[in-house]
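Just so it is clear, the model here is predicted, and its values are computed rather than measured. Sequence positions, counted from 1, serve as the residue numbers for this chain. Excluded from the calculations below are hydrogen atoms, water molecules and symmetry mates; all remaining heavy atoms, backbone and side chain alike, are included.
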Amino acid sequence: HTSANAVARCKQNLSVSLNAFGKYFITPNLVDNSSTGYQTLNINRGELNCEDLGVTQLVKLSATGTDNVINQCICEVEVQDNLPPFVIMESNFSISLNSLNPYTLTPELVGSYGDNCEIQSLQVIPNEITCNSPNPTTVRLIVTDMGGNVVSATTQVSYTTTNVNMNGAIVCNDQITIEVN
C-alpha cells in the first residue's frame, strides 16, 4: 500500500428507515466516510428490505484505485421500520345475536389494515358481543407491525336480537317479571 493506493473508509454504523414499499436503497456515498485515492466506490448490496429488520446488516464498501487495487471496509447498518400500519374501520356495523352463542369479532370483520412490511399482531377488544354488551358497543382494533409500531382505531357495533324458542326460553333478557293468577 502506497499513498497512491485507494483507501476505503466507512462510517462505523448507520441507521436507515424503510419506505412505504418496505425497501431502502443504499448508495456508496451513504456508507463512505472520506475514502481517499479511489477511482470508483462500490458496495456489496444496494437494497435493504423488511427481511433485514432486527439484524445488523454488514455493508462492504470497496474503493478501487487507478491501479485496480481494491481496499475495503465494513459499515454496520441498522434497518428500521418507522412507518406505522394503517387501519380503516368499518362503519355503521350491525350484527344479529341469539342467546345460544356470543358473536365473535375478528380483525377482518371490523376493519381493513396493512403495513409496509408485515403485521406482527392483531387484537380486537372486546372480541365477543353478547346480549349483555352495551348497544352499540365500542370496538377497538389494535395493529402492531414488525418494527414495533402500534396503531389502534375504534368503531361502533350495534346489534339486534333474535328470539330462539327452546321450551319457552326468552332470549337476551336477564330480568323478567311474570304474573301468575
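Annotation for Leu30 and Phe25: closest pair CD1-O, 4.3 Å, computed over non-hydrogen atoms. Pairing each heavy atom of Pro107 with each of Val124, the nearest pair is N-CG2, 3.6 Å. The nearest pair of heavy atoms linking Asn135 to Val157 is OD1-O, 4.4 Å. Residues Leu105 and Pro126 approach most closely at CD1-O, 3.6 Å, considering heavy atoms. Contact detail for Arg45 and Asp52: the closest heavy-atom pair is NH2-OD2, 2.9 Å. The shortest non-hydrogen separation linking Ala153 to Met89 is CB-CG, 3.4 Å.
With rounding to the nearest 0.5 Å, the separation of OG in Ser62 from CG in Asn44 is 7.5 Å. Rounded to the nearest 0.5 Å, atoms CG (Asn101) and CD (Glu128) are 9.5 Å apart. In this structure, CG in Leu109 is found 5.0 Å from OH in Tyr103, a value given to the nearest 0.5 Å. Put simply, OG1 on Thr64 and CG on Leu41 are 8.0 Å apart, with the number rounded to the nearest 0.5 Å. The line from CG of Leu122 to CG of Asn127 is 12.5 Å long, rounded to the nearest 0.5 Å. Rounding to the nearest 0.5 angstrom, the gap separating the CD atom in Gln39 from the OG1 atom in Thr66 is 6.0 Å.
Transitive grouping of hydrophobic side chains (ILVMFWY, heavy atoms separated by less than 4.5 Å) keeps Val31 and Val7 in distinct clusters. The cluster map of Ile, Leu, Val, Met, Phe, Trp and Tyr, joined by side-chain heavy atoms under 4.5 Å apart, puts Ile125 and Val150 in the same cluster. Grouping the Ile, Leu, Val, Met, Phe, Trp and Tyr side chains by contacts below 4.5 angstrom, directly or via other members, places Val139 with Ile95. Ile119 and Val110 fall within a single hydrophobic cluster, where Ile, Leu, Val, Met, Phe, Trp and Tyr are joined by side-chain heavy atoms under 4.5 Å apart, directly or via other members. Clustering ILVMFWY residues whenever any of their side-chain heavy atoms sit less than 4.5 angstrom apart, transitively, puts Val59 in the very cluster that holds Leu18.
Tyr113 has its side chain within reach of Leu141: a pair of non-hydrogen atoms, C-beta onward, lies under 4.5 Å apart. A 4.5 Å side-chain heavy-atom check between Glu118 and Cys50 finds every atom pair outside the cut-off. Residues Thr130 and Tyr159 fail the side-chain proximity criterion, which asks for heavy atoms closer than 4.5 Å. By the 4.5 Å heavy-atom criterion applied to side chains, Ile26 and Leu14 are counted as neighbours. At a threshold of 4.5 Å between non-hydrogen side-chain atoms, the residues Leu53 and Cys117 count as touching.
Surrounding CZ of Phe21 are at most 12 heavy atoms belonging to other residues, nucleotides or ligands under 6.0 Å away. Heavy-atom contacts from other residues, nucleotides or ligands closer than 6.0 Å to CD of Gln12 number 12 or fewer. Counting heavy-atom neighbours within 6.0 Å of Lys60 NZ, excluding the residue itself, gives a total of 12 or less.
Side-chain contact annotation: Asn71 with Asn5, donor-acceptor N/O pair under 3.5 Å absent. Thr154 and Arg140 share no donor-acceptor pair across their side chains, judged by distance under 3.5 Å alone. Remark: the Asn82 side chain and the Ser17 side chain contain an N/O donor-acceptor pair separated by less than 3.5 Å.
Each salt bridge (charged side-chain N to carboxylate O under 4.0 Å, His left out) pair with one or both residues in residues 72-101, not counting sequence neighbours, would appear here, but there are none.
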Does Leu97 form a side chain to side chain contact (heavy atoms under 4.5 Å, CB included) with Thr160? I'd like the steps, not just the answer. CA-CA 6 Å; Leu97 288 178; Thr160 57; over 6 Å; no

Evaluate side-chain hydrogen bond (donor to acceptor under 3.5 Å, both in side chains) for Gln156 paired with Thr137, printing each intermediate quantity in order. CA-CA 6 Å; Gln156 297 289 317; Thr137 299; over 6 Å; no

Report the C-alpha distance between Gln57 and Leu48 in whole Å, list the side-chain angles of each, state the deciding distance to 0.1 Å, and finish with yes or no for side chain to side chain contact (heavy atoms under 4.5 Å, CB included). CA-CA 9 Å; Gln57 300 301 309; Leu48 301 167; 4.3 Å; yes

For a side chain to side chain contact (heavy atoms under 4.5 Å, CB included) check, start with the C-alpha distance between Val79 and Tyr24, then their side-chain angles and the critical distance, and finish with the verdict. CA-CA 9 Å; Val79 180; Tyr24 184 87; 5.8 Å; no

Worked check of side chain to side chain contact (heavy atoms under 4.5 Å, CB included) between Ser35 and Leu61: CA-CA 10 Å; Ser35 297; Leu61 176 70; 3.8 Å; yes

For Asn19 and Asn116: C-alpha separation, side-chain torsions, deciding distance, then whether side-chain hydrogen bond (donor to acceptor under 3.5 Å, both in side chains) applies. CA-CA 7 Å; Asn19 65 19; Asn116 63 332; 5.8 Å; no

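Although no hydrogens or angles enter the test, the distance criterion places a donor-acceptor pair under 3.5 Å between the side chain of Asn149 and the main chain of Leu83.
Cysteines Cys73 and Cys10 place their SG atoms closer than 2.5 Å to one another.
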